[in-house]
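Report on the structure given below.
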There are 2 protein chains.
Amino acid sequence: MPSQATEDYLKHIFQLTLENPHQLVSMGDLAESMEVVPGTATSMVKKLHRDKLVHYEAYSGVKLTSKGRKTALRVLRRHRLVETLLVETFGLDWAEVHEDAERLEHAISDKLMERIDSFLGHPLTDPHGDPIPASDGEMPTTKIHRLVDGVAGDKVTITRILDQEQAFLRFIDERGLRPGTTVRIEQTDDVGDAMTVRPSRRQPVTMGRAAARKLLVEPAG
Amino acid sequence: MPSQATEDYLKHIFQLTLENPHQLVSMGDLAESMEVVPGTATSMVKKLHRDKLVHYEAYSGVKLTSKGRKTALRVLRRHRLVETLLVETFGLDWAEVHEDAERLEHAISDKLMERIDSFLGHPLTDPHGDPIPASDGEMPTTKIHRLVDGVAGDKVTITRILDQEQAFLRFIDERGLRPGTTVRIEQTDDVGDAMTVRPSRRQPVTMGRAAARKLLVEPAG
DNA sequence: GAGATTATTTTGACTCGTCAAAATATAGAG
DNA sequence: CTCTATATTTTGACGAGTCAAAATAATCTC
Ligand SMILES: [Mn+2]
Ligand SMILES: [Mn+2]
Ligand SMILES: [Mn+2]
Ligand SMILES: [Mn+2]
């Protein structure tokens, strides 16, 4: 069994290559994402490489092997099903489930996971809109559209919130920008590095592009 | 936060002093219970002592401090609530929930635990009859009566199964000796090291005393 | 109570996951 | 191209948790 640390590294590498799984992840980015110093990332990545979970070339970067990808998706499935359980069944707030899920994702057997999946009625996405990988380890690859890339006049539906920090999720929640909400892009301000969107029958919301980069959308039908 | 290993050591010390919490646990017994070599138990116990979780005197033995006891009870509460959840809500077999619970007990926040407790309706015992400690960290101390100490003619109700090994639980299950069942002690055989009990409208069951020591009972009203 | 047996502790070693700081490679600027 | 800034890797260290085997203490046995 892969250790907790191993599972987390693989998951982070996966998340850092959302747009393109063949992209190489730098040690700097991985270290920042894992909140460790770069040297730690290098030494862990060497072990992942030894265990054939990643491709790694010194000074170049790291990406998942198919074995590593499979493991990452299993962890993600657990994480997202657990988050769904905590919100749907135990009534926790979507902004506070991440911490528990971060630990529980490493502690659940396949059998239990499948029971939870049935209990929940095989949900397709978690409370943040993140797709739940199937038990066979696959996940439909959907095109990633970021709110930040929209232009004034676009009408889009928010599908996923990529940042699971409590403060960010609360910000989103208070302004009515949960997954499923349709918004109109009122204006974009390149110089001011900001954009303004308006959710239907709500106040317009202005946010920086860094924030708008964390919201995924699809064209509103 | 105590590590997973720390929590498990405290829990095992607690379980080894069921009858009398002031009894000292030997390194040999602790090591056997934790499935480590004795030297490992010694070195871990020294750390627990450093952290004021146990009283320890070389060559004498170990017992929990009140801080250690509190931690042990928190772990036990988690373990038993989780087992109850897995059986009641997700339909797993009582013989197979132990492994998952062994890991999940270290991964659940207080808040989540209380939600699960409410969801389950504040159960008092787990599927094996083990009492669930209250959230304030206390548990009523009940007298421990072992089936093995009964005499022919006694009528007793089985209350707890102390051994959570799958094979043992299956044995118990198949012979109708689950918690709640009332049995009559048919005979005890000192020389043969065995005893025979008969659950109401069931075949009599003969078992060794080692097995009968793992069943707790109370006098049948 | 001396000697043998058993239990406990100590020592030395190892893996995992981590950091600090030094060494080195790569990429960027002029 | 060369020098400099930045990123990466290496080295040495550490705590946690473990084992094997040696040293030592405690407990029987006669
Ligand atoms: Mn995690
Ligand atoms: Mn999520
Ligand atoms: Mn455990
Ligand atoms: Mn139990």
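Quick note on labels: first sequence line is chain A, next is B, and so on, each numbered from 1.
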Taking side-chain hydrogen bond (donor to acceptor under 3.5 Å, both in side chains) as the criterion, tell me which of A:Gln4, A:Arg77, A:Lys11, A:Arg74 meets it with A:Glu105. A:Lys11
Tell me, yes or no, whether the heavy-atom count around B:Gln15 atom CD, taken from other residues, nucleotides or ligands under 6.0 Å, exceeds 12. yes
In this structure, how many angstroms lie between the C1' atom of D:dA7 and the OH atom of A:Tyr56, rounded? 11 Å
Using a cut-off of strictly less than 4.0 Å between a heavy atom of the residue and any atom of DNA chain D, enumerate the qualifying residues of residues 6-21 of chain A by number. none
Report, as yes or no, whether the 6.0 Å neighbourhood of atom CD on A:Glu96 holds more than 12 heavy atoms from other residues, nucleotides or ligands. yes
How many Å lie between NE2 on B:His49 and P on C:dT8, as a whole number? 17 Å
Name the closest nucleotide to the A:Met27 side chain, picking from C:dG17, C:dT8, D:dT9. D:dT9
Between B:Ser43 and C:dT10, does any side-chain N or O lie under 4.0 Å from OP1 or OP2? no
Identify all pairs in which a protein N or O lies below 3.5 Å from an N or O of nucleotides 20-29 of chain D, and state each distance.
unit_1: D:dA25; atom_1: O4'; unit_2: B:Tyr59; atom_2: OH; d: 3.3

Within the structure, does a side-chain N or O atom of A:Lys46 lie under 4.0 Å from either OP1 or OP2 of D:dT10? yes
Tell me: CD of B:Glu35 to P of D:dC19, nearest whole Å? 10 Å
Please determine whether salt bridge (Lys or Arg N to Asp or Glu O under 4.0 Å) holds for the pair A:Asp110 and A:Arg78, giving the CA-CA distance in whole Å, both sets of side-chain angles, and the decisive distance to 0.1 Å. CA-CA 9 Å; A:Asp110 282 341; A:Arg78 284 165 165 64; 2.8 Å; yes
Are any non-hydrogen side-chain atoms of A:Val75 and A:Leu10 less than 4.5 angstrom apart? no
For the CG atom on B:Leu124, are there more than 12 heavy atoms of other groups (residues, nucleotides or ligands in this structure) within a distance under 6.0 Å? no
Is A:Glu138 paired with A:Arg69 through a side-chain N to carboxylate O contact shorter than 4.0 Å? yes
Distance in angstrom units between A:Glu57 CD and D:dT9 P, rounded: 10 Å
Rounded interatomic separation in angstrom, taking CD from B:Glu32 and C1' from D:dT18: 18 Å
D:dG15 P sits how many Å from B:Met44 CE, rounded? 15 Å
Roughly how many Å is it from CE in A:Met34 to P in C:dG17, rounded to a whole number? 10 Å
Is there a side-chain polar atom (N or O) of A:Arg50 under 4.0 Å from OP1 or OP2 of C:dC16? yes
What is the distance, to the nearest angstrom, from the CG atom on A:Leu24 to the P atom on C:dT26? 15 Å
Pairs meeting criterion ring-ring contact (aromatic ring centres under 6.0 Å, His included) with involvement of residues 65-111 of chain A, two or more places apart: A:His79-A:His98, A:Phe90-B:Phe119, A:Trp94-A:His128
So does B:Gln166 have more than 12 non-hydrogen atoms from other groups sitting under 6.0 Å from CD? yes
